[in-house]
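A short write-up of the structure that comes next.
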Number of protein chains: 2
Amino acid sequence: MSPRKPASQELTQEMIVEEARKQFIEKDFHQVSMRSIAKELGCSHGAIYYHFKNKAELFYVIIEGYFAELNHFLDETVNGTDDNQTKLYHVFLGFMEFGLNHQSQYEYMFMLRSNEVDGLSQEAANLSYEKFAQSVQSLSDDQLLISDIYSAFMALHGFVAHYRGYVVSFDEAKEAAHLHAEFIVKALK
Amino acid sequence: MSPRKPASQELTQEMIVEEARKQFIEKDFHQVSMRSIAKELGCSHGAIYYHFKNKAELFYVIIEGYFAELNHFLDETVNGTDDNQTKLYHVFLGFMEFGLNHQSQYEYMFMLRSNEVDGLSQEAANLSYEKFAQSVQSLSDDQLLISDIYSAFMALHGFVAHYRGYVVSFDEAKEAAHLHAEFIVKALK
DNA sequence: ACTGTTAATTAACCACCGGTCAGTATAAGG
DNA sequence: CCTTATACTGACCGGTGGTTAATTAACAGT
């Protein structure tokens, strides 16, 4: 009968995000429920709604970090010391690696649609794509067609979408990923 | 107060499948509920469970037809009168067209994973892919790498997965589809 | 110390979902 | 006329996301 807990054990946004992030690594978006988070935190699920408007808002905070990670990887790769050809190859492989090593997150970032996902996430996805496009163009010797870059992106997306769930981590699809990257490189030339 | 309706309006599997199919065209798998089907049929949702073991079994009956449609399209295209190059192009375009004109169904067929979908559907998807692979190989002048055919499939899959939900029908992505098909053809040569 | 205010939380509620099951009215068969 | 298999209902289970009135801990002012 204590509708408010003492300050020492008050719920913070960070605690909630942390727990959600933790569960989000092992289950997908739909399997992580506000109730499962609350249960693990030892509070009622309603309490979370005091700190976050809804499930989408909570998960956007988490997914922001993953968009940042992906964008950061692109930047790092482009600014690396390898030759452009190698870098391009790394961008493709890295994208697939990211997708298959963060499957639940990738699904949320690039596969779920407007009815289940926050609009901010959609925007972030567009931005991330643009970064990808710029990276690919900057690593190419010739001027590429926008449509070809787009096609390359969708080809990578298809790879992740296909192996997702069928494979536990990128490692299991590593060889296929190399071949797929070569396939895309071939198409771009 | 009539727990049993007169024989004239008895519920049949076909009636259920028909209603489910109808709703499945406008909503996706998760949005079509056993209850929404029952409501439209004027029966209790429990009644459906007399005719079908569960939701997956009901929806597999529907999805079977769509797999057949896709397979039939591949056969027809391969056995057509055009030259191989044109046919191959048609196969790619047709796959994308199918995916974007039957988005909910495509999602069920090729995107949902084992926890939500019947095992039979997975098998059908594999079979459909094999048919695709054989078609592509048979339409190619040179011997293709298995991995390249796989890559082509994933590239197409990525196209559909990407435009799904963002576009209402194939028409809106027609030009992009042509360009994407060309992209894939380029990679195969 | 007393008071008022605000922030945080609970618990009960809503409307859904897939799925189960005991019970029952009906149609058909003996 | 009685029995039995069938076809169905409706209540129920445990789950989901989301809302809200009531309650109280913590804090600021006097």
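Every chain is numbered from 1, with letters handed out A, B, ... down the list of sequences.
- Legend: residues meeting side chain to side chain donor-acceptor pair (under 3.5 Å) with B/Ser138, ordered by chain and number and at least two apart, are absent.
- For B/Ile48 and C/dC17, the CD1 to P distance is 11 Å, given to the nearest whole Å.
- Ring geometry, B/Phe95 versus B/Phe153: the interplanar angle exceeds 60°, so the pair is classed perpendicular (tilted spans 30 to 60°).
- Legend: ring pair (Phe, Tyr, Trp, His ring centres under 6.0 Å) pairs involving residues 15-34 of chain A, not counting sequence neighbours, sorted by first then second residue: A/Phe24-A/Phe59, A/Phe29-A/Phe59, A/Phe29-A/Tyr108.
- Shown here are the side chain to side chain donor-acceptor pair (under 3.5 Å) partners of B/Tyr106, two or more places apart in sequence or in another chain: B/His157.
- Every residue two or more places apart in sequence or in another chain that forms a salt bridge (charged side-chain N to carboxylate O under 4.0 Å, His left out) with B/Asp148 is listed here: A/Lys186.
- The CD atom of A/Gln13 sits 13 Å away from the C1' atom of C/dA7 (whole-angstrom rounding).
- Residues passing the salt bridge (charged side-chain N to carboxylate O under 4.0 Å, His left out) test with B/Lys22 are B/Glu19, sequence neighbours excluded.
- Legend: residues meeting side chain to side chain donor-acceptor pair (under 3.5 Å) with A/Tyr150, ordered by chain and number and at least two apart, are B/His162.
- Residue B/Met15 contributes atom CE, which lies 8 Å from atom P of D/dC8 at whole-angstrom precision.
- A heavy atom closer than 4.0 Å to some atom of DNA chain C occurs in B/Asn54, B/Lys55, these being the qualifying members of residues 51-64 of chain B.
- The side chain to side chain donor-acceptor pair (under 3.5 Å) analysis of residues 55-75 of chain A, with sequence neighbours excluded, yields the pairs A/Asn71-A/Ser128, A/Asp75-A/Lys131.
- The ring pair (Phe, Tyr, Trp, His ring centres under 6.0 Å) search around A/Phe98 returns A/His102, not counting sequence neighbours.
- A/Lys39 has its NZ atom 15 Å from the P atom of C/dA11, to the nearest Å.
- For the pair B/Glu116 CD and C/dC17 C1', the computed distance is 14 Å after rounding to whole Å.
- Listed by first and then second residue, the salt bridge (Lys or Arg N to Asp or Glu O under 4.0 Å) pairs involving residues 155-181 of chain B are B/Glu107-B/Arg164 (not counting sequence neighbours).
- One axis for each end of the helix from C/dA1-D/dT30 to C/dG30-D/dC1, each built from five base pairs, and the angle between them comes to 30° at 10° resolution.
- For B/Ile37 and C/dC16, the CD1 to P distance is 16 Å, given to the nearest whole Å.
- Distance A/His45 NE2 to D/dG18 C1': 7 Å, rounded to the nearest Å.
- At C/dG19, one or more side-chain N or O atoms of B/Tyr49 fall inside 4.0 Å of OP1 or OP2 (strictly under the cut-off).
- Looking at the side chain of B/Leu11, the nearest of the listed nucleotides D/dC8, C/dT10, D/dG17 is D/dC8.
- Paired with B/His180 under the rule ring pair (Phe, Tyr, Trp, His ring centres under 6.0 Å), one option of B/Tyr89, B/Phe159, B/Tyr163, B/Phe92 passes, and it is B/Phe159.
- Nearest to the side chain of B/Ser44, among C/dT10, C/dG19, D/dT9, sits D/dT9.
- Each of D/dA11, D/dC8, C/dA8 was ranked by its minimum atom distance to the side chain of A/Glu10; first place goes to C/dA8.
- Non-hydrogen atoms lying under 4.0 Å from DNA chain D are contributed by B/Arg35, all within residues 29-36 of chain B.
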